[in-house]
Enquirer: 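Quick one: structure below, then a few questions.
Ligands are counted one by one from 1 in listed order, and the atoms in each one are counted from 1 as well.
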Amino acid sequence: MTQTDLNALRAEVIPPKGHFIDGQMTDAANGARLDVISPIDGQVITTLAAGGAEDVNRAVTAARRAFDRRVWAGQPPAARKKVLLRLAELIEREALALAVQGVRDNGTEIGMAFKAESGSAAGTFRYYAEAIDKVYGEVAPTAENVLGLVHHEPVGVVGAILPWNFPLMIGAWKIAPALATGNSIVVKPAESASLSILRLAELAIEAGVPEGVFNVVTGKGSVVGEAIGLSMEVDVLVFTGSGGVGRRLLEYSARSNLKRCYLELGGKSPNIVFADVKDLDHAAKVSANGIFRNSGQVCVAGSRLVVERSIHDQFVDALIRHARKLTVGDPLDLSSDVGAVHSKVQLEQDLGFVDKALAEGADLALGGKRILEETGGFYMEPTVMTNVGRNDTLNQQEVFGPVLAVTPFDTEEQAADLANSTVYGLASGLWTSDLSRAHRMIRSIRAGVVHVNTYGGSDGTVPLGGVGQSGNGHDKSLHALHKYVDLKSAWIQL
Ligand code: NAD
């Protein structure tokens with residue numbers, strides 16, 4: 001990746017985009033369009049079809065038809081594997097272009113987007129492609145005169161509603177296992193991060209996924225997302241996004257066909273540092289990256305630093321030193337470590353959290369302001385707030401921005417209590433040289449993942465999901481496959 005490549009790709013004009021339904025780019029039935037604003041400079045870079053219920057209906061009908069005709073579901077797993085491996089190759093062929101397109105609409109720094117978006121999406125398609133011809137049904141341990149078989153059948157039509165952060169990575173976590181197991185899918189990307197998903201749907205056709213199997217409807221969540229949620233023909237809904245929208249999806253399900261809903265929601269993840277941390281400076285550097293990369297817009301971001309009182313000042317100083325080294329700026333400039341906040345609304349919300357924390361008695365130790373306003377883009381300084389109380393807003397509510405809350409503790413019990421003091425339970429981290437303590441803490445922290453002596457970073461072999469109000473499903477690993485299949489038993493009298 002060179003700056004010249006990036007400059008060439010960013011200069012490309014992005015033509016207006018339609019939905020992708022039944023293998024074709026198509027306009028919204030009512031012709032409505034939506035602007036895509038780049039957080040890099042606040043400019044409109046293209047427009048999307050602003051879908052309505054009629055468009056969702058067209059997409060779901062195409063998906064159902066493809067499923068009922070068994071054009072994909074009826075193919076042997078080894079054949080689906082071949083197609084999905086080809087799709088992984090096509091993603092790799094276009095990795096940089098896909099990543100840049102994604103950065104232009106969502107603002108993630110390109111270094112991270114290249115790895116976490118196209119790189120990870122290709123890996124995810126490859127993982128599920130490779131897995132699918134190795135998953136067996138079961139023979140039940142019955143009496144001799146009967147045979148009990150357990151089949152894993154595709155559910156039918158999957159609705160996938162995606163967030164704007166890491167659309168390709170998170171999209172692939174859902175689309176790849178759904179397709180590998182033989183389902184059809186209707187994807188609704190976030191209105192501000194649809195471009196790379198639309199391109200992915202085109203590449204899927206090129207790889208050999210039959211028309212109608214992989215559809216994308218763009219537009220507003222409250223319109224397109226609601227229509228998918230209420231559809232009587234969508235069998236399973238998979239979602240990543242905020243808790244508020246997650247709750248709505250459960251309501252849509254209850255008001256329609258009781259479709260299963262798997263929700264991956266927000267977090268307020270604690271990063272706990274004990275005084276016996278082996279390398280304080282290294283831990284401070286990783287912790288700074290764990291909250292500030294992608295401007296804190298990472299669901300597992302370590303947004304609460306819970307640090308043993310005896311090293312509190314030393315650790316906070318080290319973390320601030322590393323945070324100051326992060327260059328915030330144009331996400332397509334290779335010299336930037338941190339890109340843009342995704343939208344003006346998000347930026348205003350992030351700044352509002354700083355004001356609220358100050359009003360509640362916290363101290364501003366670093367940052368706290370909008371920067372680079374002259375670019376027209378949405379940028380914010382890495383921000384550290386100390387002296388944040390256990391129940392203060394900044395320790396309780398997800399910011400989804402570059403704002404770190406710091407709280408000291410004195411005992412292991414206090415650390416565990418602070419870790420578990422929110423309604424969330426997505427990720428966590430702990431730093432210690434004491435193996436027994438690490439295992440005790442892994443047991444006591446209520447979270448989907450506990451990072452030990454590191455923060456963030458995992459691969460597709462382990463599940464990602466939350467407990468509490470962080471969600472009820474898991475993406476990644478073989479465990480994700482169960483969301484996309486129904487169990488069917490056959491009871492055969494011999
Ligand atoms: P969001 O909930 O605002 O939007 C997510 C999606 O839902 C978008 O496609 C949006 O258009 C759609 N939507 C909005 N209103 C809807 C409605 N009424 N009905 C149906 N769909 C609707 O979330 P976001 O701002 O895009 O993403 C940020 C959130 O996602 C944060 O809370 C973050 O923690 C969470 N997240 C979680 C994970 C995870 O793995 N748990 C990963 C990434 C992001």
Enquirer: For atom 3 (O) of ligand 1, find the nearest protein heavy atom and state the residue, atom name and distance (0.1 Å precision).
Expert: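 The closest heavy atom on the protein side is Ser242 OG, 3.8 Å.
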Enquirer: Nearest heavy atom to atom 28 (C) of ligand 1 wins, so pick from Trp173, Phe239, Phe400, Phe166.
Expert: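 Among Trp173, Phe239, Phe400, Phe166, the closest heavy atom to atom 28 (C) of ligand 1 comes from Phe400.
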Enquirer: Check each atom of ligand 1 against the heavy atoms of Asn165 and keep those under 4.0 Å away; list them by number with element.
Expert: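 Listed by number with element: 43 (C), 44 (C).
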Enquirer: May I ask you to check if ligand 1 and Lys220 share an N or O to N or O distance below 3.5 Å?
Expert: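 Such a contact does not occur with ligand 1.
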Enquirer: Run the salt-bridge test on Lys483 and Asp475 with the 4.0 Å N-O cut-off and return the result as yes or no.
Expert: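 Judged by the 4.0 Å cut-off on N to carboxylate O distance, Lys483 and Asp475 do form a salt bridge.
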Enquirer: Verify whether one side chain among Ser421 and Asn391 offers a donor that lies under 3.5 Å from an acceptor in the other.
Expert: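 Distance-only check fails for Ser421 and Asn391.
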Enquirer: Any N/O of Thr240 closer than 3.5 Å to an N/O of ligand 1?
Expert: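 No: no nitrogen or oxygen of Thr240 is under 3.5 Å from one in ligand 1.
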Enquirer: State, without any angle test, whether Ser118 and Glu92 hold a side-chain donor-acceptor pair at a distance under 3.5 Å.
Expert: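 Note: Ser118 and Glu92 side chains miss the donor-acceptor criterion.
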Enquirer: Heavy atom under 4.0 Å from ligand 1: found in Arg248's side chain, backbone, both, or neither?
Expert: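 Looking at Arg248 and ligand 1, just side chain atoms fall under 4.0 Å.
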Enquirer: Tell me the nearest of Leu265, Ile228, Leu162, Leu464 to atom 37 (C) of ligand 1, using heavy-atom distances.
Expert: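 That would be Leu265.
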Enquirer: Grab the two heavy atoms, one from Ile272 and one from Ala415, that are nearest each other, plus how far apart they are.
Expert: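 Heavy atoms of Ile272 and Ala415 come nearest at CG2-CB, 4.0 Å.
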Enquirer: Could you check whether Trp164 and Phe400 have their ring centres less than 6.0 Å apart?
Expert: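 Centroid separation for Phe400 and Trp164: below 6.0 Å.
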Enquirer: Which residue supplies the protein heavy atom nearest to atom 25 (O) of ligand 1, what is that atom called, and how far is it?
Expert: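 Closest protein heavy atom to atom 25 (O) of ligand 1: Trp164 NE1, 2.8 Å.
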Enquirer: In terms of heavy-atom contacts, does CD of Glu206 have more than 12 from other residues, nucleotides or ligands at under 6.0 Å?
Expert: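 Enclosed.
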Enquirer: Taking only heavy atoms of Gly225, which atoms of ligand 1 are found under 4.0 Å from at least one of them?
Expert: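 Answer for ligand 1: 19 (N), 20 (C), 21 (N).
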Enquirer: When you measure from atom 10 (C) of ligand 1 to each heavy atom in Glu226, Glu191, Met169, which option holds the nearest one?
Expert: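 Among Glu226, Glu191, Met169, the closest heavy atom to atom 10 (C) of ligand 1 belongs to Glu191.
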Enquirer: Using a strict cut-off of less than 4.0 Å between a Lys/Arg side-chain nitrogen and an Asp/Glu carboxylate oxygen, indicate whether Arg260 and Asp486 qualify as a salt bridge.
Expert: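 Asp486 and Arg260: salt-bridged.
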